[in-house]
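This report refers to the structure that appears directly beneath it.
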There are 2 protein chains.
Amino acid sequence: MAEKTSQTDAEPIPPQDRKGRAEDIVQILRKRIADHELPPGARLQEVELANQFNISRSAVREILGTLEQRGLITRVPNRGAVVAKLEFKEIYEIFDVRVALEGLCVREATRRAPPEVWLPHIERFGDDMERAIEKGDIARYSDALEDLRKETIDWADNSHAAHFLDLVLDKTHLIKLRVTLLPGRAAAGRKMHLEMLHFMRSGDAANAELTKKRIIRSARDWLERYRSFIL
Amino acid sequence: MAEKTSQTDAEPIPPQDRKGRAEDIVQILRKRIADHELPPGARLQEVELANQFNISRSAVREILGTLEQRGLITRVPNRGAVVAKLEFKEIYEIFDVRVALEGLCVREATRRAPPEVWLPHIERFGDDMERAIEKGDIARYSDALEDLRKETIDWADNSHAAHFLDLVLDKTHLIKLRVTLLPGRAAAGRKMHLEMLHFMRSGDAANAELTKKRIIRSARDWLERYRSFIL
DNA sequence: GGCCACAACTTTGTTGACATAAATGTTCCT
DNA sequence: AGGAACATTTATGTCAACAAAGTTGTGGCC
């Protein structure tokens, strides 16, 4: 076995910046788990992580604690931590929660933001995007979607909803991507999002919310239809 | 100063039951914080807690970590943990989240549970309860409400929604109680819940959901009106 | 040859000591 | 007296060693 697992970071060890560093490492691991770079079932060994990030075992332990709270890993006593598996049922649970919370965020964002906020997004989801999707440039759509989501949550100004959405989106990040990649999904999603954005622009919070809910439910239906492909 | 803060528990220290014990202590502290037995701003000192529960400081540390994740305490570096304060804004945020998630739970519970499940609750919220409330027996109403909430969440069968509701209800537990104690609120709440229960009994998930949402929004309005009393 | 028992090894759990930062108390100088 | 610098105290942050549990490998016995 190799002497040491590669150290991602070999800085001169800042003196008392432990706290912030731990926070950073949580983000890194969140991303790796969300992207399945650490796939479900993968073991997270304390000493290995300690070496990898050049931190002490107790720091690793604390980090594992927060990842456990977030539901990203499960710890079995005396056996360590593994990346949590996402049960089928959980996926549907999360869709329902997303319908509720993202709907809330769209509604509130529509109420709070000045209408012109949505103009750049309407532009971005327009004809150019339609052509890009037709050519298979799904990443562009996905990026636009992500930016819109961020801005919406920002304007919704509800830290609790934002936090909870953060938690569930970590778990279903990859599934969301895969659904977007399904043939025809991006085109359908673009159209509906454009519709939603027009409601937002005109300040029609109720219809914006309904449309967002329809979008998420529709994504769930696509997942259901193609589930053998995606899971 | 006293030698030792009183030990709540002086068992012979079970051998390797650390994990479960820590979990218990989290529940205890959750309750104490929710009830304001530990009021906002109260300090939680590590050694003190360690003595009180007869556990090691690192165990306390882990417990404080989970309480922090739950948003019940805030930790400032090198200064320790204090019970988190609930800002005005947060209360409104939580009401909105509750409308979304409890609405979801009522809808799904209505869909999943056999209708007769709600009969005992309808009974319980009936005329007897009306008279009890008139006589000022608010506790009885509050208990019935709590049982209904638990059964609803149970039948809704959405662990994510249940978890998130757990988190926010810890924070607003006391406020919820105080609103219930406002003159007239319990009577109004009873009536609306009875209405909701009839929808649930007849399997009308959509109207049950709408009614639940109306109930929570109404509670928010009461809070707003009497906020100088409650906060 | 299969299987149980035992032993070595690996990994997590726990404890206590030490380091460091903030708060408090004290002293000395103006 | 007032205040700044310093010392003390108190609590948290960090680390490394030790203990316990689990896993794996080996050997003997039937």
Side-chain angles (χ1 to χ4, degrees), chain A residues 1-7 9-26 29 33 38 41-69 72-84, chain B residues 1-7 9-26 29 33 38 41-69 72-84:
Chain A
M1 189 187 280
E3 294 281 293
K4 234 180 179 178
T5 45
S6 67
Q7 283 179 211
D9 200 331
E11 290 160 31
I13 312 166
Q16 177 80 356
D17 197 22
R18 274 282 178 253
K19 189 88 179 182
R21 175 123 186 78
E23 203 57 43
D24 291 346
I25 295 175
V26 168
L29 291 177
I33 293 173
L38 290 169
R43 293 189 61 183
L44 295 178
Q45 293 199 1
E46 298 182 352
V47 285
E48 187 181 330
L49 291 174
N51 292 336
Q52 198 171 136
F53 293 109
N54 207 29
I55 57 180
S56 69
R57 239 189 81 206
S58 44
V60 171
R61 229 139 193 297
E62 195 174 322
I63 290 169
L64 291 180
T66 82
L67 291 178
E68 184 183 23
Q69 287 292 318
L72 294 179
I73 65 173
T74 60
R75 291 168 104 177
V76 286
N78 296 312
R79 302 231 354 223
V82 298
V83 177
Chain B
M1 186 188 282
E3 295 278 294
K4 230 181 184 179
T5 45
S6 68
Q7 284 180 208
D9 202 330
E11 291 160 32
I13 313 164
Q16 176 80 354
D17 198 23
R18 267 341 209 144
K19 191 85 179 184
R21 175 127 186 77
E23 201 58 42
D24 292 345
I25 295 174
V26 168
L29 291 176
I33 294 172
L38 289 170
R43 294 190 61 184
L44 295 178
Q45 293 200 1
E46 298 183 352
V47 285
E48 187 180 331
L49 291 174
N51 292 337
Q52 198 172 135
F53 293 108
N54 205 31
I55 57 179
S56 70
R57 236 189 83 206
S58 45
V60 170
R61 230 139 193 296
E62 196 174 319
I63 289 169
L64 292 180
T66 81
L67 291 178
E68 184 183 23
Q69 287 294 316
L72 294 178
I73 66 173
T74 60
R75 292 169 103 176
V76 285
N78 296 313
R79 302 233 356 228
V82 298
V83 177

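In what follows, every chain begins at residue 1, and chains take the letters A, B, ... in the order their sequences are listed. No experiment lies behind these values; they were computed from the predicted model shown.
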Between atom CZ in A:Arg61 and atom P in C:dT11, what is the gap in whole Å? 14 Å

Quick one: A:Ile55 CD1 to D:dT14 C1', roughly how many Å, whole number? 12 Å

Is any side-chain nitrogen or oxygen of A:Ser58 closer than 4.0 Å to OP1 or OP2 of D:dT14? no

Whole Å only: how far is the CZ atom of B:Arg21 from the P atom of C:dG13? 18 Å

Please give, in whole Å, the distance from C:dT15 P to B:Asn51 CG? 13 Å

To the nearest angstrom, the CD-P distance between A:Glu46 and D:dG22 comes to 15 Å

Taking the nucleotide of DNA chain D with the closest heavy atom to each, which residue, A:Glu62 or B:Arg43, is nearer the 5' end? B:Arg43

Starting at atom CZ of B:Arg79, determine the distance to atom C1' of C:dT24, rounded to an integer number of angstrom. 13 Å

Base C:dG13 to side chain A:Arg57, donor-acceptor N/O within 3.5 Å cut-off: yes

Give the nucleotide from the list D:dT23, D:dA21, D:dG13 with an atom nearest to the side chain of A:Asn78. D:dA21

Enter the distance from B:Leu49:CG to B:Leu64:CG here, rounded to the nearest 0.5 Å. 6.0 Å

Spacing of B:Leu64 atom CG relative to D:dA11 atom C1', expressed in whole Å: 13 Å

Chi angles and distances behind the side-chain contact (heavy atoms from CB on, under 4.5 Å) call for A:Leu72, A:Val83: CA-CA 6 Å; A:Leu72 294 179; A:Val83 177; over 6 Å; no

Sorted by chain and residue number, the side-chain hydrogen bond (donor to acceptor under 3.5 Å, both in side chains) partners of A:Ser58 (sequence neighbours excluded) come out as A:Ser56

Considering every strand and a 4.0 Å limit on heavy-atom distances, what is the contact class for B:Leu44: base, sugar-phosphate, or nothing? sugar-phosphate

From B:Gln69 atom CD to A:Glu68 atom CD, the distance as rounded to the nearest 0.5 Å: 10.5 Å

When you measure from the side chain of A:Arg21 to the backbone of A:Phe53, do you find a donor-acceptor pair of N or O atoms at a distance under 3.5 Å? yes

Step through the shown structure and confirm whether more than 12 heavy atoms of other residues, nucleotides or ligands are within 6.0 Å of CD on B:Glu46. yes

In this structure, which one of B:Thr74, B:Leu44, B:Leu38, B:Ile73 forms a side-chain contact (heavy atoms from CB on, under 4.5 Å) with B:Val82? B:Thr74

List, with names and distances, any nitrogen or oxygen atoms from the protein found under 3.5 Å away from nitrogen or oxygen atoms belonging to nucleotides 8-10 of chain C.
none

